[in-house]
Amino acid sequence: MMKCKYCGGNLTLEQAYCPHCGRPNEEAAQHVKDMEHYKSNFEDTKSDVYEVAEKNTEIMSHMIIITVLVILCVVVFVVSARSWSIHRGLLQFDAGIRQSSYMKQMEQYLEDEDYIGLSAFCDRHYIRPYSSNNYEKYQLLMEASGAYRYFYESLMKAVTINSGNVSILPGLYEDISDYYEQLERILHPVDNDYRAKQYRELPEEQKEAILRMEENEKALLQTYFGMTPEEAENFGTMSNAQKILFLEEKGEVMGYGKSEE
């Protein structure tokens, strides 16, 4: 309760005019103004709070999205890095439990004299000497067929190369020389080479297969590099540098890498 400043009658804040003298209740009017002012400040403050909260929510959302993306990138990178290792392990395990079937297929490749197919089959199924004890007897055969396969692939790339890729010819000639030498080391190992004892203990059919690979390589050199039988025979006695130089000379004569114009 309050008193009217004019007549002294009793008033309340809800009464805009004095019921006794009819004059305006100035304190009530001021109270209304104050309440409106406070209400306006409250609404402004509430709006600011909502705006700040909305901005913070948006920032947090962006941060969460970025964090999730970073985590996903890390996961993808780790999985990609390990995928081949995991795949290789599965292939190796499979080669161990299916050795009986795989060895029959390897023997069939050997019988068909398909040494490139044999190497590709072993690579496709990741068959290695350590995949199973039973594969150890094929170790030199797998090494030889691999060298023969990559010799053949490098040679065919060299002889079919176009003029636009002529710059890679020296590298291909080096590969041809290296793979030829790998097969030679199996056929003619030095005494302290682990292959010497292994080669002596090879089954005859495997020895014959490796010798046939060497003969095939010589025939390929004669066919695609124009070597005489004597040159192809002496090719294996050359040093690596001499082999590359000789291939370059023969390749130039054959016109490999030159424009057809």
Side-chain angles (χ1 to χ4, degrees), residues 106-107 109-124 126-131 135-161 168-254 256-257:
M106 291 169 69
E107 290 292 342
Y109 281 115
L110 190 60
E111 183 179 338
D112 296 340
E113 299 182 13
D114 184 2
Y115 311 123
I116 293 176
L118 172 63
S119 173
F121 176 79
C122 291
D123 277 355
R124 185 165 61 252
Y126 205 75
I127 299 172
R128 298 294 184 268
Y130 49 78
S131 299
Y135 288 126
E136 288 182 357
K137 63 181 180 181
Y138 296 105
Q139 180 173 353
L140 288 187
L141 181 65
M142 286 190 281
E143 287 185 26
S145 63
Y148 176 69
R149 171 189 171 190
Y150 295 118
F151 169 89
Y152 175 81
E153 290 178 353
S154 300
L155 184 143
M156 295 309 298
K157 286 180 183 177
V159 303
T160 58
I161 200 168
I168 69 172
L169 263 178
L172 292 173
Y173 290 151
E174 185 175 355
D175 289 341
I176 292 171
S177 173
D178 286 343
Y179 293 126
Y180 189 97
E181 196 167 312
Q182 286 182 27
L183 186 60
E184 287 292 293
R185 284 199 294 267
I186 295 172
L187 281 167
H188 311 290
V190 295
D191 290 339
N192 60 347
D193 192 331
Y194 73 91
R195 299 179 185 87
K197 181 175 182 297
Q198 286 184 325
Y199 185 75
R200 288 195 298 269
E201 296 176 351
L202 278 181
E204 286 304 315
E205 64 270 17
Q206 290 193 31
K207 287 184 180 178
E208 291 173 4
I210 297 174
L211 285 170
R212 200 168 293 113
M213 292 180 209
E214 182 188 42
E215 292 303 316
N216 289 350
E217 286 186 340
K218 293 175 182 176
L220 288 167
L221 292 173
Q222 293 177 58
T223 301
Y224 292 101
F225 281 88
M227 294 186 189
T228 64
E230 292 76 18
E231 288 174 333
E233 188 67 35
N234 293 329
F235 188 75
T237 64
M238 298 179 184
S239 67
N240 196 43
Q242 289 173 329
K243 286 189 183 76
I244 295 171
L245 181 61
F246 194 53
L247 288 170
E248 288 177 346
E249 292 173 353
K250 289 292 185 178
E252 187 174 354
V253 172
M254 300 296 289
Y256 297 141

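- Closest approach of R128 and C122 over heavy atoms only: NH1-O, 3.5 Å.
- Heavy-atom contacts from other residues, nucleotides or ligands closer than 6.0 Å to CD of E248 number more than 12.
- Shortest non-hydrogen contact noted between G226 and M254 is N-SD, 4.1 Å.
- Residue E233 places its CD atom among 12 or fewer non-hydrogen atoms of other residues, nucleotides or ligands, all under 6.0 Å distant.
- Considering OH of Y199 and CG of L187, their distance stands at 5.0 Å, rounded to 0.5 Å.
- The CG atom of L183 sits 9.0 Å away from the CG atom of L211 when rounded to the nearest 0.5 Å.
- To the nearest 0.5 Å, the span separating CG on L172 from CG on L247 amounts to 10.5 Å.
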For this session: Applying side chain to side chain contact (heavy atoms under 4.5 Å, CB included), run through I127 and M106 and close with a yes or a no.
Result: CA-CA 10 Å; I127 299 172; M106 291 169 69; 4.3 Å; yes
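- Y180 pairs in a ring-ring contact (aromatic ring centres under 6.0 Å, His included) with only one of the listed residues (Y152, Y173, F235), which is F235.
- For Y256 and F225, the ring centers are positioned less than 6.0 Å apart.
- Taking the six-membered ring where the residue is Trp, Y148 and Y115 present perpendicular rings, their angle passing 60° and hence far from 30°.
- Taking both residues in full, the closest heavy atoms of A196 and P189 are given as CA-CG, 3.5 Å, listed atom of the first, atom of the second, then distance.
- Checking each of E181, M213, E217 against F151 for a side chain to side chain contact (heavy atoms under 4.5 Å, CB included) leaves exactly one that passes, namely E217.
- Around atom OH of Y224, no more than 12 heavy atoms belonging to other residues, nucleotides or ligands sit under 6.0 Å away.
- Residue K218 holds its NZ atom at 12.0 Å from CE of M227, rounded to the nearest 0.5 Å.
- The nearest pair of heavy atoms linking S119 to S145 is CB-O, 3.6 Å.
- G236 and E184 make their closest contact through CA-OE1, 4.2 Å (heavy atoms, listed as atom of the first residue, atom of the second, distance).
- Of the possible donor and acceptor atoms, none in the side chain of Q206 sits under 3.5 Å from a partner among the backbone N and O of P203.
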For this session: Quick one: do E153 and K157 satisfy salt bridge (charged side-chain N to carboxylate O under 4.0 Å, His left out)? Show the steps, please.
Result: CA-CA 6 Å; E153 290 178 353; K157 286 180 183 177; 5.6 Å; no
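- Rounding to the nearest 0.5 Å gives a distance of 14.0 Å between CD of E201 and NZ of K137.
- Taking CD1 of I210 as the reference point, atom CG of L140 lies at 5.5 Å (rounded to 0.5 Å).
- Contact record, Y179 with S154: CE1-OG, 3.8 Å, taken as the closest heavy-atom pair.
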